[in-house]
Amino acid sequence: MSNQHYSFFGAVERSFDKAAKYTKWDKGVLEQIKECNAVYQMRFPLKRDDGTVEVIEAYRVQHSHHKTPCKGGIRFAAEVNQDEVMALAALMTYKCAIVNVPFGGGKGGIKINPKKYSPYELEKITRRYTAELIKKNFIGPGTDVPAPDYGTGEREMAWILDTYSAMHPGEIDAAGCVTGKPVTQGGVRGRREATGLGVFFGLREVCNMPDVMQKLGLTTGVEGKKVIVQGLGNVGYHSAKFFQDAGSKIVGLAEYEGAIWSNDGLDVDAVFEHRKKTGSILNFPGANNFEKNTDALEMECDILIPAALENVIDGNNAPRIKAKIIGEAANGPLTPEADEVFSKKGILVVPDMYLNAGGVTVSYFEWLKNLSHVRYGRLEKRFTENLNAHILGQIEELTGKKVSDTEREFILHGPDEVDLVYSGLEETMITATHEIMNMWKANPDIPDMRTAAYVVAINKVGTSYAELGIFP
């Protein structure tokens with residue numbers, strides 16, 4: 001963190017307060033929405049492979065119970081602290097509200113650098129953490145459902161599921177206690193790329209709005225747009241890949257070891273392979289290295305996508321950024337000071353708590369799949385294919401013309417699980433984009449898209465509280 005006094009939760013509260021004045025809710029209701037309902041801080045011992053004992057610090061925060069279960073990832077990182085976990089939990093509440101996913105916000109974190117532990121040690125940490133959550137009823141398909149985040153993935157989710165199931169024998173919905181699982185363990189196809197795909201769908205929808213693009217002096221659509229992505233992890237890689245496939249030009253890529261650029265565009269997969277081989281994205285054939293990895297943020301481009309950690313763009317470097325649109329794929333990559341700068345410069349910031357909601361949206365689909373105990377598409381795939389084949393046969397017979405093989409394949413194809421997941425995610429992101437933009441248009445005083453997104457979120461959470469009659 002560049003600034004010792006920067007509080008991530010404080011920044012979220014500031015964004016909240018900025019938006020609260022455009023809502024009709026009572027001060028007390030706003031206070032209740034803003035606070036974290038439950039913060040669990042724990043310490044437990046780990047016996048390392050060399051026989052030494054280390055005390056592990058870990059957290060789980062449930063920010064809001066206006067809807068249950070709570071939902072949010074678990075982060076393994078050396079930087080984890082209570083302030084960060086609280087901030088991320090709060091963002092989850094607003095995120096779920098904006099994309100109409102019926103969960104409260106939660107978040108977990110374990111203060112370790114996962115690269116410094118063996119798989120066996122990581123397994124012991126993950127299972128012990130799960131056991132601690134179970135003791136306090138901080139995990140379960142109806143109470144709190146974790147997911148992967150920075151430093152965790154399918155492997156850790158499988159360990160959590162196994163520990164939970166072992167301690168809840170016979171619980172029929174046990175698989176719903178965690179999402180982001182391997183497909184063989186009740187995971188859903190499409191979960192891995194979900195956040196990156198959601199980032200793409202959200203930005204594509206913004207780029208398809210003629211009035212918004214006209215203001216920015218850009219043509220509509222994502223084709224030909226120059227894109228820079230910071231962070232080549234799961235989210236950054238998939239965001240870059242979907243933009244590339246849609247005809248955008250990836251002109252810059254940044255990672256913590258360095259950054260590269262090329263005006264002709266970089267092939268994301270080739271860069272990814274180069275990094276796997278050499279351990280760095282630097283010196284990629286046909287590209288130029290930046291002097292510092294942060295220089296990539298300041299290069300000329302249409303869309304800048306920070307997809308790494310929080311707090312990378314602040315009051316200091318914001319004035320030097322030349323992008324027209326900033327898509328927050330990471331959580332909290334901009335400080336409130338940066339927001340002010342961009343708002344004045346007329347740069348459009350598409351905010352994290354809605355833009356990276358693809359992960360939680362598809363986690364919701366996974367949770368529903370676990371509760372319904374049936375794979376998406378299993379019931380209707382053949383029915384749709386048979387129906388389409390019949391319709392196509394009739395049309396061909398009536399017209400006496402034949403459809404080309406590729407078209408035939410496309411028309412006949414019944415939806416697989418991944419098709420339905422993509423379709424649900426696309427619908428979710430498009431609907432949310434319009435809700436936020438309509439809120440902004442209806443209130444010209446609202447300074448930026450982030451504030452408009454917060455207003456939408458606060459109104460939905462407030463309505464939940466009001467209708468639950470939670471205030472006696």
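Here the structure is a predicted model, which is why all the values come from computation and not from measurement.
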Please table the atom pairs, donor to acceptor, closer than 3.5 Å between any side-chain atom in residues 97-114 and protein atoms at least two apart or in another chain.
| from | atom 1 | to | atom 2 | distance (Å) |
| --- | --- | --- | --- | --- |
| N100 | OD1 | K460 | NZ | 2.7 |
| N100 | ND2 | E435 | OE2 | 3.4 |
| K107 | NZ | D149 | OD1 | 3.1 |
| K111 | NZ | A78 | O | 3.3 |
| K111 | NZ | V80 | O | 3.2 |
| N113 | OD1 | K115 | N | 3.0 |

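- Annotation: side chain of E337 is not in contact with side chain of D314 (no heavy-atom distance under 4.5 Å).
- In this structure, a donor-acceptor pair under 3.5 Å is absent between the side chains of N459 and T23.
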For residues 139-148, which side-chain donor-acceptor pairs fall under 3.5 Å, sequence neighbours excluded?
| from | atom 1 | to | atom 2 | distance (Å) |
| --- | --- | --- | --- | --- |
| T143 | OG1 | I139 | O | 3.4 |
| T143 | OG1 | G140 | N | 3.3 |
| T143 | OG1 | G140 | O | 3.4 |
| D144 | OD1 | R60 | NE | 3.4 |
| D144 | OD1 | R60 | NH2 | 2.6 |
| D144 | OD2 | R60 | NE | 3.0 |
| D144 | OD2 | Q62 | NE2 | 2.9 |

Before you tell me yes or no, could you show the steps for E340 and K18 under salt bridge (charged side-chain N to carboxylate O under 4.0 Å, His left out), namely the whole-Å CA-CA distance, both residues' side-chain angles and the distance that decides it to 0.1 Å?
CA-CA 12 Å; E340 299 294 326; K18 197 164 148 185; 3.5 Å; yes
Please test Y22 against Y454 for ring pair (Phe, Tyr, Trp, His ring centres under 6.0 Å), starting from the C-alpha separation and ending with a verdict.
CA-CA 10 Å; Y22 301 102; Y454 267 95; over 10 Å; no
For the pair S7 and D83, evaluate side-chain hydrogen bond (donor to acceptor under 3.5 Å, both in side chains) and give the outcome as yes or no after the intermediate values.
CA-CA 7 Å; S7 157; D83 174 78; 2.7 Å; yes
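- At a threshold of 4.0 Å, the pair K276-E273 counts as salt-bridged, since one of the basic side-chain nitrogens sits closer than that to a carboxylate oxygen.
- Enclosure of atom NZ in K292 is not indicated, since only 12 or fewer non-hydrogen atoms of other residues, nucleotides or ligands lie within 6.0 angstrom.
- Counting heavy atoms from C-beta outward, T406 and F410 have side chains that stay 4.5 Å or more apart.
- The neighbour count for K136 NZ, taken as heavy atoms of other residues, nucleotides or ligands under 6.0 Å away, does not exceed 12.
- Atoms NZ and CE, on K71 and M92 in that order, are 6.5 Å from each other to the nearest 0.5 Å.
- The neighbour count for R204 CZ, taken as heavy atoms of other residues, nucleotides or ligands under 6.0 Å away, is above 12.
- E57 pairs by the side-chain hydrogen bond (donor to acceptor under 3.5 Å, both in side chains) definition with Y59, not counting sequence neighbours.
- Contacts classified as ring pair (Phe, Tyr, Trp, His ring centres under 6.0 Å) and involving residues 209-255 (residues at least two apart or in different chains) are given here: F200-F243, Y237-F272.
- Under a 3.5 Å cut-off, the side chain of T428 and the backbone N or O of G424 do form a donor-acceptor pair.
- F342 places none of its side-chain heavy atoms less than 4.5 Å from the side chain of D448.
- Taking the side-chain hydrogen bond (donor to acceptor under 3.5 Å, both in side chains) definition, one finds that T431 meets it with E427, sequence neighbours left out.
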Give the C-alpha distance, both sets of side-chain angles, the deciding distance and a yes or no for side-chain hydrogen bond (donor to acceptor under 3.5 Å, both in side chains) between T93 and S64.
CA-CA 6 Å; T93 294; S64 178; 4.5 Å; no
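- Listed for the N81 side chain is a donor-acceptor partner under 3.5 Å among the backbone atoms of E84.
- The salt bridge (Lys or Arg N to Asp or Glu O under 4.0 Å) analysis of residues 94-105, with sequence neighbours excluded, yields no pairs.
- At least one side-chain heavy atom of R275 sits under 4.5 Å from a side-chain heavy atom of E255.
- Residue N289 holds its CG atom at 11.5 Å from CG of D295, rounded to the nearest 0.5 Å.
- The one candidate from L304, V349, D339 that meets the side-chain contact (heavy atoms from CB on, under 4.5 Å) condition with I313 is L304.
- For T278, the side-chain contact (heavy atoms from CB on, under 4.5 Å) criterion is met by H274, S280, not counting sequence neighbours.
- A 6.0 Å sphere centred on NZ of K215 holds no more than 12 heavy atoms belonging to other residues, nucleotides or ligands.
- Enclosure of atom OH in Y117 by more than 12 non-hydrogen atoms of other residues, nucleotides or ligands within 6.0 angstrom is indicated.
- Not a single donor-acceptor pair under 3.5 Å links the side chain of Q230 to the backbone N or O of L297.
- Between the CG atom of N208 and the OG1 atom of T433 there is a distance of 10.0 Å, given to the nearest 0.5 Å.
- Interatomic distance, SG of C70 versus NE2 of H63, reported as 10.0 Å (0.5 Å rounding).
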Where do K249 and N263 land on the side-chain hydrogen bond (donor to acceptor under 3.5 Å, both in side chains) test, with the steps shown first?
CA-CA 8 Å; K249 232 193 223 180; N263 283 327; over 6 Å; no
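- With salt bridges taken as basic N to acidic carboxylate O contacts below 4.0 Å, one links E366 and K181.
- Between atom OG1 of residue T152 and atom CZ of residue F76 there is a gap of 6.0 Å, rounded to the nearest 0.5 Å.
- Under the salt bridge (charged side-chain N to carboxylate O under 4.0 Å, His left out) criterion, E300 pairs with no residue, sequence neighbours left out.
- Applying the side-chain hydrogen bond (donor to acceptor under 3.5 Å, both in side chains) criterion to D17, with sequence neighbours excluded, gives K34.
- Within the 4.5 Å cutoff, the side chain of I436 has no heavy atoms near those of the M439 side chain.
- Between Y354 and V456, every side-chain heavy-atom pair lies at or beyond the 4.5 Å cut-off.
- Counting only heavy atoms from C-beta outward, the side chains of L203 and I305 approach each other to under 4.5 Å.
- Taking the six-membered ring where the residue is Trp, F365 and Y376 present perpendicular rings, their angle passing 60° and hence far from 30°.
- Remark: Q214 CD is loosely packed, at most 12 non-hydrogen atoms of other residues, nucleotides or ligands lying under 6.0 Å away.
- The one candidate from V229, V227, L253 that meets the side-chain contact (heavy atoms from CB on, under 4.5 Å) condition with L266 is L253.
- Counted within 6.0 Å of CD on E35, heavy atoms from surrounding residues, nucleotides or ligands total more than 12; the atom is thus considered enclosed.
- Rounded to the nearest 0.5 Å, atoms OG (S248) and CD1 (I303) are 6.0 Å apart.
- A donor-acceptor contact under 3.5 angstrom links the side chains of E193 and Y422, judged on distance only.
- For the salt bridge (Lys or Arg N to Asp or Glu O under 4.0 Å) condition, the pairs that include at least one residue of residues 262-271, sequence neighbours left out, are K241-D269.
- For K225, the side-chain hydrogen bond (donor to acceptor under 3.5 Å, both in side chains) partners are T219, not counting sequence neighbours.
- Proximity of T463 to W25: side-chain heavy atoms (C-beta onward) are separated by under 4.5 Å at one or more points.
- For the side-chain contact (heavy atoms from CB on, under 4.5 Å) test, residues two or more places apart in sequence or in another chain that qualify with V39 are C36, V61, Q82, M86.
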